[in-house]
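The sequence lines fix the lettering, A, B, ..., with proteins before strands; numbering per chain opens at 1. Computation of the quantities below employed the complete heavy-atom set of this structure, encompassing side-chain atoms and omitting hydrogens, waters and symmetry-equivalent molecules.
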Amino acid sequence: NAGVTQTPKFRVLKTGQSMTLLCAQDMNHEYMYWYRQDPGMGLRLIHYSVGEGTTAKGEVPDGYNVSRLKKQNFLLGLESAAPSQTSVYFCASSYEGSGTRYEQYFGPGTRLTVT
Amino acid sequence: AQSVAQPEDQVNVAEGNPLTVKCTYSVSGNPYLFWYVQYPNRGLQFLLKYITGDNLVKGSYGFEAEFNKSQTSFHLKKPSALVSDSALYFCAVRDRGAGSYQLTFGKGTKLSVIP
């Protein structure tokens, strides 16, 4: 199993450009999450999904959109990138059904720089 | 609202000595508690969790943590530190309430084990 994978690993954008980050998991998890990590801030939840076709806002959703068209994929979009969105982005997934283990499994991260 | 405090930005310990990384939490109900570790340029790896039962939980790589409800703490410990334990450690909390899936992370504590 590859677990949680993220594409791309690195990206540099100019202010105003758009991009999509892709997260894929092969563990058949219902729940998926997008976080951003900034120095001294820990991880903050951007958006999450509790199943295919559903999404919900987290702590810092402004400037981001998400889609969950397939159970195994969770996309994070930036429509008009701003320097404040320079960060490391992590995707995670979890299983919440019978026999759940509660913990989330994380991808390797995408380092995004907006100039 | 739920929150996590990790009062120390950095902890230095000599190799072979015991280590403690502190965590206190706040939730409206009863908590699920987690510790994750992050090595440089990597994603977060699950270390251990408290869900229910014994207040002392054991996890990966010889780490353990004690849930203390009266002090709302979940400190991470290891009897004998290794240089390879040097990393960034995150404590996280989740409310047990139904429909509550979100993890809230602390800001992280950088552990440096000195040879």
Portion of B:Gln38 that has a non-hydrogen atom of chain A nearer than 4.5 angstrom: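 Interface part for B:Gln38: side chain.
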More than 12 heavy atoms of other groups within 6.0 Å of A:Lys71 NZ: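 Atom NZ in A:Lys71 is packed in, count exceeds 12.
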Heavy atoms from other residues, nucleotides or ligands near CD of A:Glu79 exceed 12 (cutoff 6.0 Å):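 Atom CD in A:Glu79 is not crowded, with 12 or fewer foreign heavy atoms closer than 6.0 Å.
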Shortest non-hydrogen separation from A:Glu103 to B:Lys49 and the atoms involved: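 Closest heavy-atom pair between A:Glu103 and B:Lys49: OE1-NZ, 2.8 Å.
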Minimum heavy-atom distance between B:Gln102 and A:Tyr48, given as atom pair plus value: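 It is NE2-CE2, 3.4 Å.
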Does one hydrophobic cluster hold both [X] and [Y], with members joined at side-chain heavy-atom distances below 4.5 Å?
{"X": "A:Leu112", "Y": "A:Leu22", "answer": "no"}
{"X": "B:Phe90", "Y": "A:Leu45", "answer": "yes"}
{"X": "B:Val21", "Y": "B:Tyr50", "answer": "yes"}
{"X": "A:Leu76", "Y": "A:Val4", "answer": "no"}
{"X": "A:Met32", "Y": "A:Ile46", "answer": "yes"}

Side chain to side chain, A:Phe106 and B:Arg42, heavy atoms closer than 4.5 Å: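 A:Phe106 does not reach B:Arg42 side chain to side chain.
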Under 4.5 Å from any heavy atom of chain B - which part of A:Val88: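 It is neither, since no heavy atom gets under 4.5 Å.
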B:Phe105 ring center near A:Tyr35 ring center (under 6.0 Å):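 Under 6.0 Å, so yes.
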Atom pair [atom1]/[atom2] of [X] and [Y] - distance to nearest 0.5 Å:
{"X": "A:Arg44", "Y": "B:Lys107", "atom1": "CZ", "atom2": "NZ", "result": "9.5 Å"}
{"X": "B:Leu44", "Y": "A:Leu43", "atom1": "CG", "atom2": "CG", "result": "5.5 Å"}
{"X": "A:Gln104", "Y": "B:Phe46", "atom1": "CD", "atom2": "CZ", "result": "11.0 Å"}

